[in-house]
Student: 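Here it is, the structure, as structure tokens.
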Amino acid sequence: MNLLPKSSKEFGSVGYWEKFFQQRGKKAFEWYGTYLELCGVLHKYIKPREKVLVIGCGNSELSEQLYDVGCQDIVNIDISEVVIEQMKERNAGRRPQMRFLRMDMTQMEFPDGSFQVVLDKGTLDAVLTDEEEKTLQQVDRMLAEVGRVLQVGGRYLCISLAQAHVLKKAVGHFSREGWMVRVHQVANSQDQVLEAEPRFPLPVFAFIMTKFRPVPGPALQIFELCAQEQGKPVRLESAERLAEAVRERQQYAWLCSQLYRKAGLGNVSLDLCSGDTGEPRYTLHVVDSPTVKPSRDNHFAIFIIPQGRETEWLFGMEEGRKQLAISAGFRRLITVALHRGQQYEGMDSIQAELSARVMELAPAGMPAQQQVPFLSVGGDIGVRTVQHQDCSPLSGDYVIEDVQGDDKRYFRRLIFLSNRNVVQSEARLLKDVSHRAQKKRKKDRKKQRPAGTPEDLPAAPGQAIDKSYLCCEHHKAMIAGLALLRNPEMLLETPLALLVVGLGGGSLPLFVHDHFPKSCIDAVEIDPSMLEVATQWFGFSQSSRMKVHIADGLDYITSLAGGEARPRYDVIMFDVDSKDPTLGMSCPPPAFVDQPFLQKVRSILTPEGVFILNLVCRDLALKDSVLGGLKAVFPLLYVRRIAGEVNEILFCQLHPEQTLATPELLEMARALEQTLRKPGRGWDDTYVLSDMLKTVKIV
């Protein structure tokens with residue numbers, strides 16, 4: 001039997017509710033939750049001896065159950081004569097003190113200040129079906145009557161779905177009257193699945209409006225939110241922020257409902273925030289693997305990503321997470337990234353903190369009481385130490401952090417907080433500068449420092465850098481591109497002129513400077529803050545062979561190309577990112593690959609030279625256009641895709657007749673590497689130049 005209204009307007013109709021209760025009979029109707037679901041918040045705000053008025057009581061068992069646990073001074077009113085007679089008959093013998101009255105809540109017959117609590121379970125939602133003038137006037141009368149019959153210090157406790165227009169009206173009305181406004185989330189969609197009754201996929205909220213004594217002047221406005229029934233209330237600055245916080249919880253509940261009902265919703269991610277500060281604490285990604293064969297124990301698992309490793313392809317990219325889920329063998333895997341700036345005590349505390357929340361994201365069909373495994377790499381949460389944080393006028397907020405890698409070695413990273421999962425620059429720390437050693441020196445300095453003296457930065461942090469090691473795969477490929485120069489085995493004795501656009505932490509130009517003793521390098525960086533970062537934190541320094549020019553790379557090259565004494569470079573490298581996140585190409589900015597500008601690049605490249613470009617482009621059509629433009633200016637074009645990343649390294653030369661087959665490329669790379677590996681040169685044994693060129697293709 002369909003008892004639901006054909007339209008929301010019927011909720012406000014007396015005739016609808018008369019018919020509804022005649023058809024339903026004596027069976028209780030508990031759309032917004034049973035007593036057991038609501039009792040936590042009800043008993044927080046209703047004391048046993050208080051006088052309680054229930055408006056729009058219907059045939060809910062809520063007031064009966066309150067009566068049975070000791071709240072016996074209860075008056076129930078409803079506009080439906082049918083339901084009032086049903087309730088009187090049902091309670092006459094068992095609950096003699098409880099009263100049921102047919103009454104219009106917009107014109108109540110009680111004296112002022114008759115009650116300490118007015119309880120409303122879904123009635124405001126039923127009346128406020130739209131925002132037409134007639135409806136709003138009716139609601140104004142209802143809320144005014146609620147305020148009139150409540151004593152000072154009394155509470156209007158309204159159970160609601162908190163739809164935007166309902167929340168706006170209730171909060172606006174009572175905050176203007178100077179009442180304290182508090183909103184509790186009391187149930188979520190996961191509590192309501194598989195119910196026999198039709199239920200809502202939205203969470204249920206309780207509005208607690210506390211009546212204050214009127215004071216002269218503008219009313220003090222207090223807005224608070226309790227995300228959980230017994231949670232600590234959080235003070236919010238405005239009604240708008242309160243509405244936004246409620247909306248976030250509704251969206252989360254809707255997502256939980258969808259994830260429960262079906263798998264494979266695509267790339268689903270969400271942040272879980274600290275209840276005290278509102279700052280993001282965990283970022284969750286939900287990964288479904290329908291190809292994994294179901295069994296009793298492989299429905300669901302949680303994977304904690306160690307701190308500092310969230311930027312790796314396996315954890316930071318959608319395809320990587322899919323591979324991780326399949327490898328782990330679970331039909332649904334939730335990866336959890338830990339945010340910098342938050343404190344974590346260890347795996348056990350994280351598991352305790354997350355257990356309740358992540359279970360709301362569990363799939364349907366998981367056996368009851370099944371233990372959900374928490375997985376990680378090596379069983380720990382990793383180590384991340386923020387060494388420095390600042391804001392650049394050009395690049396925005398950034399951090400310098402040291403993280404522990406797979407092999408327990410430490411790495412220093414530059415991260416722009418506008419793109420938290422992308423490492424802008426990275427360098428390996430020397431073995432003797434371990435995390436423990438840094439902490440010990442810091443502790444020793446504190447002991448020696450007189451009281452009141454500000455703590456110094458770590459002594460010469462740049463000296464901790466292993467300059468022989470290139471962390472970034474695309475930097476390794478760019479260096480391998482030097483093998484395309486004539487006579488690579490002689491490059492250490494050959495004067496080389498290089499132009500590097502994009503400094504970052506300085507690892508790329510510094511590697512060239514240290515390994516090619518006859519090289520002279522011009523590095524161009526638009527952001528002066530990055531030169532400070534590279535110098536102070538990544539061991540970078542200028543010399544007679546290494547000059548940094550603070551300029552826009554476009555302007556710098558245009559100026560060189562238009563000068564009378566035009567310089568010529570053997571190698572030009574572009575490793576510069578775009579500041580516009582809306583573009584399909586994040587490296588380089590589109591202006592750097594416009595054909596007129598590429599002609600200027602060509603004009604300052606020696607005839608036998610090589611132009612090396614780091615390309616990061618997710619837009620396939622745009623990438624084809626970029627490759628076509630490059631090919632038009634540089635007829636010989638090689639491309640090397642970086643495995644597990646979006647990066648592609650392009651090697652551009654002027655003479656197509658000099659095209660090298662893969663065996664020749666590899667032989668030239670081996671010749672260069674053999675020269676670089678000579679004793680005393682500090683070469684990283686894991687870096688094989690020829691491996692970087694094995695997969696090179698000609699465009």
Student: Nearest 0.5 angstrom please: L136 CG to Q138 CD, how far?
Tutor: 10.0 Å
Student: Nearest 0.5 angstrom please: F303 CZ to F374 CZ, how far?
Tutor: 12.5 Å
Student: Considering only NZ, NE, NH1 and NH2 on the basic side and carboxylate oxygens on the acidic side, decide whether E64 and R94 come within less than 4.0 Å.
Tutor: no
Student: Decide, yes or no, whether a salt bridge links D271 with R281 under the criterion of side-chain N to carboxylate O below 4.0 Å.
Tutor: no
Student: Taking the side chain as every heavy atom from C-beta outward, state whether M98 and D73 have any atom pair closer than 4.5 Å.
Tutor: no
Student: Looking at every non-hydrogen atom in both residues, tell me the closest pair between G382 and Q307 and how far apart they are.
Tutor: O-NE2, 3.3 Å
Student: Strictly under 6.0 Å, is that where the ring centroids of Y156 and H173 end up?
Tutor: no
Student: Please say which of Q221, K211, R155 ends up in a side chain to side chain contact (heavy atoms under 4.5 Å, CB included) with W179.
Tutor: K211
Student: Once rounded to the nearest 0.5 Å, what's the spacing between atom CD of Q163 and atom OG1 of T129?
Tutor: 10.0 Å
Student: What I want to check is whether the side chains of Y252 and R247 have a donor and an acceptor closer together than 3.5 Å.
Tutor: no
Student: Under 3.5 Å, is there a donor on one side chain and an acceptor on the other for D78 and S80?
Tutor: no
Student: With a 3.5 Å cut-off and no angle check, do the side chains of Q389 and D397 form a donor-acceptor pair?
Tutor: no
Student: Please tell me whether E133 and Q137 have a donor and an acceptor in their side chains that are separated by less than 3.5 angstrom.
Tutor: yes
Student: Going by distance alone, is a donor N or O of one side chain under 3.5 Å from an acceptor N or O of the other, for Q342 and Y282?
Tutor: no
Student: Measuring from F100:CZ to E85:CD, what's the distance to the nearest 0.5 Å?
Tutor: 11.5 Å
Student: Measuring from atom CD1 of I55 to atom CG of D120, what distance do you get when rounded to the nearest 0.5 angstrom?
Tutor: 4.0 Å
Student: Can you establish whether the number of heavy atoms outside R340 located under 6.0 Å from its atom CZ is more than 12?
Tutor: yes
Student: Return yes if some donor-acceptor pair links the side-chain N/O of S355 with the main-chain N/O of Q351 below 3.5 Å, else return no.
Tutor: yes
Student: Would you call R249 and E244 a salt bridge, taking side-chain N to carboxylate O under 4.0 Å as the test?
Tutor: no
Student: Short question: side chain of E318, backbone of V287 - any donor-acceptor pair under 3.5 Å?
Tutor: no
Student: For the side chain of E145 and the backbone of M108, is there at least one donor-acceptor N/O pair under 3.5 Å apart?
Tutor: yes
Student: Give, for atom CZ of R420 and atom OG1 of T283, the distance between the pair rounded to the nearest 0.5 Å.
Tutor: 8.5 Å
Student: Are more than 12 heavy atoms, taken from residues, nucleotides or ligands other than K88, located less than 6.0 Å from that residue's NZ atom?
Tutor: yes
